[in-house]
Number of protein chains: 2
Amino acid sequence: MSISETHLKGARLNDLADLAKTLGNSHRLLLLEHIGGGEKTVEALSDLAGLSVANASQHLQQLKRSGFVQSRREGKNVLYRLGGGPIAALLAALRACAEHNRSEIRELISDSLWQQDKLEAISREELLQRMQETEIVLLDVRSESEYAAGHLPGAVNIPLDELELRLAEVPRDQEVVAYCRGNYCALSGKAVTILRALGRNARQLRGGM
Amino acid sequence: MSISETHLKGARLNDLADLAKTLGNSHRLLLLEHIGGGEKTVEALSDLAGLSVANASQHLQQLKRSGFVQSRREGKNVLYRLGGGPIAALLAALRACAEHNRSEIRELISDSLWQQDKLEAISREELLQRMQETEIVLLDVRSESEYAAGHLPGAVNIPLDELELRLAEVPRDQEVVAYCRGNYCALSGKAVTILRALGRNARQLRGGM
DNA sequence: TCATCATTAAATAAAAATATTGAATGTTAC
DNA sequence: GTAACATTCAATATTTTTATTTAATGATGA
């Protein structure tokens, strides 16, 4: 009994994982979004998503296998529409989780937590000075627009993509502390990997814990 | 404006995709499930999930980056617990989608659709006879337990894993029509690939469309 | 039927995720 | 401080995804 139970449970988890995996690609999410706007042909969708027709077709078929979309033929064209299930609810839940994570970062950026002393407010100048005293550079590896929207006081912005190119901007003799969008984001980890590979002394800044 | 908007939207979609990707692995889902039952150490979790400690640690860290779990240290051990966000809702939505897909198959299995004439009930014998007349073998490539739980009348069960081994059981001169769990399932597609590679005349049975 | 076109399939190459191993880190207890 | 232990990091090999290219399919309309 326990064997078949385990087996069933395993199968269930695999089904769930397959569904999630299908959603785990931004091209497919974009396709889903466009399809949600109304029935569309493969060609229209490939244009909208900036994909080759063949590649779009592949993604559409994966979406179809997962039940997220359905298709029908009309003359020469195949039209894709949203599937029947509780897809909207699933996407909404995903968005809610992402939003929740984002708000956690806002808390991090706006106040507390960044100070040793959680209650004492700290000025930008003061943090800068502390950073200089301890020979630390605070590095924001998010995109320029994210940086513009809000960042830690004194942080230097070099998007991860440009890190190797703009390495000269990172002082060679200071420890680098990289941060990105918070716990759920892998950017700063990659930045640390790159920086270490290039001989710098780098660490990752982690909120919460 | 439109550029930055697109950019933001792209970033958003990537965030969503990253979250979904994190859920797109059955080991991580299993870990999440166990963590949902209460705070646990890495070692306990690796045991429960049947993973090496290092591997479990990696998965846990990915779950943490995505905000699905949080961790704290207690003495020698690090304890993982569920994260704060609307994780339960997300998992519930995933399950709902999987359940919806499953029920679509049940419909397929229990009635209609399989007949040319949608209203006329058809006996097992009659379908078998039709299949013989048209020289078709209906092949169920799901697991034995799934087959036992319900299958199309007259279908032969050879789980995908065993297909190459048990090829002799597939009549050589008949067209093979393979099916699995429905539109969202890739098993029968793989079966068709295998059968064709081995020189058989095989097609995939698709519901809905 | 044949020519044409949109779509899908198949095969390959490129990129990413996963599991494994051995080493490094950080904590407790002595 | 040092030893023992749990966890994480880093590097690697293996296995999946993804994108691209080229060929096949399937429907339309002459």
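Just so it is clear, the model here is predicted, and its values are computed rather than measured.
- Within the structure, a side-chain polar atom (N or O) of B/His59 is placed less than 4.0 Å from OP1 or OP2 of C/dA19.
- Residues A/Ser46 and A/Ala56 come closest through the heavy atom pair CB-CB, 3.6 Å.
- In this structure, CG of B/Asn14 is placed 14 Å from C1' of C/dA16, rounded to the nearest angstrom.
- Counting to the nearest Å, the C1' atom of C/dT18 and the CD atom of B/Gln62 are 10 Å from each other.
- A/Asp18 contributes no side-chain N or O that, together with a main-chain N or O of A/Ser66, makes up a donor-acceptor pair within less than 3.5 Å.
- Taking all atoms of both residues into account, the shortest heavy-atom contact from B/Ile35 to B/Arg81 is CG2-C, 3.4 Å.
- Contact annotation: A/Asn25 side-chain N/O to D/dT17 OP1/OP2 distance is not under 4.0 Å.
- A close approach under 4.0 Å does occur between a side-chain nitrogen or oxygen of B/Arg28 and OP1 or OP2 of C/dT18.
- Nucleic acid contact class of B/Asn77 (heavy atoms, under 4.0 Å, all strands): sugar-phosphate only.
- In plain terms, the two heavy atoms of A/Tyr80 and A/Val69 that are nearest each other are CD2-CG2, 3.8 Å.
- Atoms CG (B/Asn55) and P (D/dT7) sit 15 Å apart, rounded to a whole Å.
- Between the CD atom of B/Glu74 and the C1' atom of D/dT7 there is a distance of 15 Å, rounded to whole Å.
- The distance between atom CG of A/Leu51 and atom P of C/dT8, rounded to the nearest whole Å, is 14 Å.
- A pairwise comparison of heavy atoms in B/Ser71 and B/Val78 identifies CB-CG1, 3.8 Å as the closest pair.
- For B/Ala54, the listed nucleotide lying nearest its side chain is C/dT21; candidates were D/dT21, C/dT27, C/dT21.
- The separation between A/Lys21 atom NZ and C/dA16 atom P is 17 Å, rounded to whole Å.
- Put simply, A/Tyr80 has a side-chain N or O that comes within less than 4.0 Å of OP1 or OP2 on C/dT8.
- Rounded to whole angstrom, the span from the NZ atom of A/Lys76 across to the C1' atom of C/dT4 amounts to 6 Å.
- Between the CD atom of A/Gln58 and the P atom of C/dA6 there is a distance of 19 Å, given to the nearest Å.
- Residues A/Gly24 and B/Leu79 each lie close to DNA chain D; by heavy-atom proximity, the contact nearer the 5' end of the strand is made by B/Leu79.
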